[in-house]
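Beneath this line is the structure, given in structure tokens, with notes to follow.
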Amino acid sequence: MAPLKLAIVGGGPSAFYVASRLLSLLPESSSRASQLKIHMYDRLWAPYGLVRYGVAPDHPEVKNCTHKFAEAAADPRLRFFGNVNVGIPAPITHTLPLSLEALFPHYTHVLFSTGCTVPVLHSALPPSQFCVPALSLVHWYTQHPSRPTPPPLERISHVTLVGQGNVSLDVARMLLTPPSVLAKYDVPKPVLEVLERSNVQHVSILGRRGPFQAAFTTKELREMMNLPDASMVPLDPAYLTVPEGSPKLTRQQSRTLQLLQKGSNNKPGTTKKTWSLDFFRSPTGLTTPNAAGDKARLSLGHTMLDPNNRAVPTGETSTLETDLIITSLGHHAEPSAPWYDPSLNHLRTLSGRVVDAGGRIVRNVYASGWAATGARGVLVSTMMDAYAVADTILRDHFPEEDVHTTPISESDAGAGSGQDTPAAEAIEVLPKHVEADTFPPEVEAGLREGRVTDFDDWNAVDAEEVRRGEAMGKERERMVWEEAREFLASARPRND
Ligand code: NAP
């Protein structure tokens with residue numbers, strides 16, 4: 001059997017879970033061990049994708065998975081190449097562009113774990129200085145290499161979040177948690193300084209549907225209720241009962257209802273900062289202010305549920321005066337990505353295998369995580385999906401072999417679930433035989449110049465960020481690329 005030499009495009013949680021699963025199913029002690037090579041390419045210079053650049057700083061426990069990822073990266077069969085942007089236009093100027101044509105000849109297998117990186121926009125709310133996607137805020141407070149402009153928190157008092165998912169609540173918490181509480185976490189100093197100067201007094205969180213349809217989870221709602229310095233504006237009592245004739249509430253819905261009935265720990269009127277859940281409201285337009293200091297006027301259509309639980313207009317309208325609108329409506333994959341399906345908003349796959357527009361399997365090309373399933377689910381579901389895709393890759397490559405993959409139930413798995421080999425027809429884009437250790441010469445040159453990072457670079461930066469953080473009494477103090485590059489040039493000179 002020819003060796004399996006896999007390029008993974010993307011270095012986030014799904015990429016690492018697939019790599020880790022493959023490495024552990026072919027352990028170094030096994031006869032097949034030397035037949036596996038994995039090269040992981042990420043357009044960001046640091047690994048871990050959403051775990052580093054998406055998880056809210058006050059959720060440090062979510063980042064524990066990085067221990068497992070670092071363990072996988074310590075296996076000599078896995079190499080990481082950071083700051084390499086494969087196949088699509090990069091929003092980050094310092095990345096090395098690498099075409100698929102340059103990548104493919106070096107690998108027998110390719111996996112896209114490129115996530116969902118593009119925010120869904122609202123048709124009535126084009127981005128402007130008054131309206132930004134939540135992703136800009138998340139990228140600001142995680143110091144993502146795309147470096148969005150910091151929000152003008154010093155000049156504003158009222159923020160409106162559109163969408164009631166967990167990203168929305170993450171952003172609301174960051175805006176309402178006292179900076180002194182955030183200071184011990186992985187919040188970069190320049191971000192803390194902006195938060196310290198913030199004049200935000202109220203955050204409205206708008207949903208087009210009701211409390212039982214809200215996308216946030218109870219843990220995140222409870223955290224809002226427990227904010228030390230803010231209180232929730234009491235809800236209309238109509239939302240605090242179960243409408244007659246409703247189906248039995250799910251566990252999550254019952255817990256949400258209990259939390260909403262109890263309200264916030266701080267009672268209304270006792271805090272300077274407040275927040276509200278504004279259900280059944282859908283933006284229809286925005287009038288921007290004529291003079292500095294005036295508020296924008298957000299037009300809202302009132303909504304109700306139709307028999308299919310979709311939001312439909314009631315005909316009533318209202319206006320909300322606000323300073324900044326943050327849309328938090330979910331994310332989709334990059335539309336220019338290969339095998340992107342515009343009707344799905346992510347890559348077209350069948351059981352983890354990539355499928356072309358004509359329904360043919362693209363042999364030995366796979367996708368996992370949000371690139372394959374769309375932006376849904378928490379890290380555990382990403383892990384289950386990644387494991388299923390890894391198992392599919394191994395079973396496709398070693399069909400006759402005793403590689404111990406454990407079937408994952410359909411309910412647990414996502415993109416990778418379903419084990420049957422579909423349609424016989426397939427197209428080939430990858431070579432069958434390749435050199436064991438080669439990779440594109442542009443990447444080799446990038447490594448020599450210090451533009452492309454490897455995992456040893458990351459280990460050095462990671463230790464230094466933690467050291468700098470400890471000196472400041474916090475989890476870590478992050479570096480931006482320019483600082484990391486300078487640090488690496490002195491800590492790990494390339495001519496050794
Ligand atoms: P999400 O969970 O899909 O929530 C999107 C929200 O936007 C929903 O409230 C949705 O309402 C609303 N929406 C979408 N289109 C809309 C429109 N045209 N008009 C008005 N509202 C609209 O997305 P997310 O918050 O980005 O989260 C993505 C995934 O990451 C989720 O699985 C989430 O749980 C996970 N995540 C988890 C954590 C955590 O565990 N702490 C943190 C962040 C993210 P409808 O339901 O009415 O469509």
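Everything numeric in this text was worked out from a predicted model, so none of it was measured. Whatever order the structure lists ligands and atoms in, that order sets their numbers, starting from 1.
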What about Y17 and F69, are their ring centers closer than 6.0 Å? yes
Within the 4.0 Å heavy-atom cut-off around ligand 1, the contacting residues, ordered by chain and number, are H59, H122, G163, Q164, G165, N166, V167, D170, R208, R209, A215, E220, S328, L329, G330, H331, W370, A375, R376, G377, V378
Using the rule given for salt bridge (charged side-chain N to carboxylate O under 4.0 Å, His left out), can you reason through R476 versus E465, listing the C-alpha separation, both sets of side-chain angles and the distance that settles it, and then say yes or no? CA-CA 5 Å; R476 71 170 63 229; E465 286 188 349; 2.8 Å; yes
Can a donor-acceptor pair be found, under 3.5 Å and without considering hydrogens, that links the side chain of D323 to the backbone of R155? no
Indicate whether the side chain of S264 and that of N266 have a donor and an acceptor atom separated by less than 3.5 Å. no
Counting only heavy atoms from other residues, nucleotides and ligands, does the tally under 6.0 Å from CZ of R197 exceed 12? yes
Check E223 with K219, please: is the shortest side-chain N to carboxylate O separation under 4.0 Å? yes
